[in-house]
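Inspection log for the structure reproduced underneath, given as structure tokens.
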Number of protein chains: 2
Amino acid sequence: MLGTAQTAMDAFLRRLLLRSALGPEEQAAIRGLKGQLIEFAARRDVVLPGQRIEHACLTVAGLLGRFDQMKDGSRQITAFYLPGDMCDLHSVVAPVTGWGLTALSGATLLQIAHADLRELARRYPALALAFWRDTTTDASILSKWVANIGRKDARARIAHLLCEMGLRSEMAGIGTRTAFRFDATQELIADAVGLTPIHVNRVLSTLRSEGVAVFRNRMAEVQDWDRLAAIAEFSTAFLLLDEPR
Amino acid sequence: MLGTAQTAMDAFLRRLLLRSALGPEEQAAIRGLKGQLIEFAARRDVVLPGQRIEHACLTVAGLLGRFDQMKDGSRQITAFYLPGDMCDLHSVVAPVTGWGLTALSGATLLQIAHADLRELARRYPALALAFWRDTTTDASILSKWVANIGRKDARARIAHLLCEMGLRSEMAGIGTRTAFRFDATQELIADAVGLTPIHVNRVLSTLRSEGVAVFRNRMAEVQDWDRLAAIAEFSTAFLLLDEPR
DNA sequence: CGTCGTCTTGATTAACCTCAAGAGGTGTGG
DNA sequence: CCACACCTCTTGAGGTTAATCAAGACGACG
């Protein structure tokens, strides 16, 4: 159990190092963080909208989704989180949530106290910048989603989501961009791209019959990455934020 | 001229203080920042997509827009910036832009070197957290936009944008939520909410004839705030991020 | 074997887009 | 000072995408 927590923290450190250079002392500080492992069954809410939280959640296993609920009951998913992602690192500086967090599949989380993270940010300026940079990736994806949902048709939206999740799975070391587990249903994809599940189904059918990509049994297989990326107008830049200097 | 730069920096400090408590030393550090004032004519690009930038832009006067360009030439606006807003504070930790920035009206900006801001973040941990928190507001708005565009009809989307800009104008001290300058055209509103200008026109007409809100001559007047907020399912929470503790 | 969640398919409807044309206002040059 | 060009807003008609309504098939699991 403690071993798993340590593995999770290492994954988080690896993710930070993807985008930020950290010295040995700072790396040790991250590795020294304490957290509590928690399991969630599929479809369980992790954080409810409007809650004040005292800890951030690091995804250890499974798929998490951040969502916004409308009055008529419909949901909009605003982010997916993969293992290694800190779902709500931004809550360290904004602990009252406007959103909710759900385990889309069975999931394991590591809860880390805000106080500990703030202490690290105070003590090590490089870590403060690294945390800030990490949440900026989140914002960058969000900005892409706005453009995706606002200005593209159903086909391009779904293609874009598949490209994004593929590349992120590859970066997280849990798959390749052309073959990866995506633990969502067609209904959840619909909630993410602003469509109905029925329409998502039809679009996935055409992508499948055209030999571009297959999404089945919660697995995505991309037969023709270039074609999929072209349909999506996908560019990798928004996921690969360069470090300054 | 120098006086204007000082005024602008004070506005930025006021904005930070809305969400973060800062000691006298830290406040003095912000006031001591140096910047260069630049004027832009309406419709001029300030930052192009893919550029590497070395400074952040503080909005002094006018309206700025961040956008994403599609291959067919259509644009999606992903953020509006009002006086006092630091358009691209996140570029301090991610200096290669995936987006562009345009002056939607004639605008005055104050450019502040990333190096200076990073130096402040390094020296004053409270400022690092304050900067981080400021960009979190941006992400919070972005997340609302995703839900807005993804799950609401044209009427609700436009109502939501009017509510948001009204409240932000009020918070920035440049208007009230029911009467404020919004220096956009119907076409720009369309680019922000993912609709065509023609449809925006029709929706604004109905809102006007129903006595809910009037948008004309780049001014918004809300006759019935409660009604508008109800149409939009607007809640103020996402703009008012609480500070921890 | 039956139930439930998920996927699939068809038919109809509604929201929004596209194309087209004209009106009002403003700035500019003759 | 008028004429013209240009930008923005407005209105109409018809087309398209995606939503809605409805029903069934498939597979996993108790």
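FYI, side chains are in, hydrogens and waters are out, and symmetry mates aren't considered; it's all heavy atoms of this structure. All of these numbers come straight from a predicted model, not from anything done at the bench.
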Between [X] and [N], is there a contact of a side-chain N or O with OP1 or OP2 at under 4.0 Å?
X: B:Arg202; N: D:dA13; value: no
X: B:Asn201; N: D:dT10; value: yes
X: A:Thr196; N: D:dA18; value: no
X: B:Arg208; N: D:dT10; value: yes

Heavy-atom count check: over 12 atoms from other residues, nucleotides or ligands less than 6.0 Å from [X] [atom1]?
X: A:Arg44; atom1: CZ; result: no
X: A:Asn217; atom1: CG; result: no
X: B:Glu210; atom1: CD; result: yes

Requested in this report: Search all heavy atoms of A:Met9 against all heavy atoms of A:Gly35 and return the closest pair with its distance.
Outcome: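 Nearest pair, atom of A:Met9 first, then A:Gly35: CE-N, 4.4 Å.
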
Report summary line: Taking every heavy atom of B:Met165 against every heavy atom of B:Phe80, the minimum-distance pair comes out as CE-CB, 3.7 Å

Report summary line: By nearest-nucleotide position on DNA chain D, the 5'-leaning member of A:Gly194 and A:Asn217 is A:Gly194

Report summary line: By nearest-nucleotide position on DNA chain D, the 5'-leaning member of A:Arg155 and B:Pro197 is B:Pro197

Report summary line: In numerical order, the residues of residues 181-193 of chain B whose heavy atoms come under 4.0 Å of DNA chain C are none

Take the protein atom [atom1] of [X] and the nucleotide atom [atom2] of [N], then report the distance between them rounded to whole Å.
X: A:Ile198; N: D:dC21; atom1: CD1; atom2: C1'; result: 8 Å
X: B:Lys152; N: C:dA14; atom1: NZ; atom2: P; result: 24 Å
X: B:Leu195; N: D:dT16; atom1: CG; atom2: C1'; result: 16 Å
X: A:Leu204; N: C:dT8; atom1: CG; atom2: P; result: 8 Å
X: B:His199; N: D:dA18; atom1: NE2; atom2: C1'; result: 14 Å
X: A:Arg43; N: C:dG5; atom1: CZ; atom2: P; result: 10 Å
X: A:Asp153; N: D:dT16; atom1: CG; atom2: P; result: 15 Å
X: A:Arg151; N: C:dC17; atom1: CZ; atom2: C1'; result: 11 Å

Report task. Let me know, please, whether B:Arg157 or A:Arg216 comes out on the 5' side of the other along DNA chain C by nearest nucleotide. Result -> A:Arg216

Query raised in the report: Which is it for A:Asp85 and A:Arg66 under the salt bridge (charged side-chain N to carboxylate O under 4.0 Å, His left out) test, yes or no, and what are the steps along the way?
Result: CA-CA 12 Å; A:Asp85 290 344; A:Arg66 187 177 60 197; over 6 Å; no

Query - Approximate separation, where rounding is to 0.5 Å, of B:Ile77 CD1 and B:Glu187 CD - result: 9.0 Å

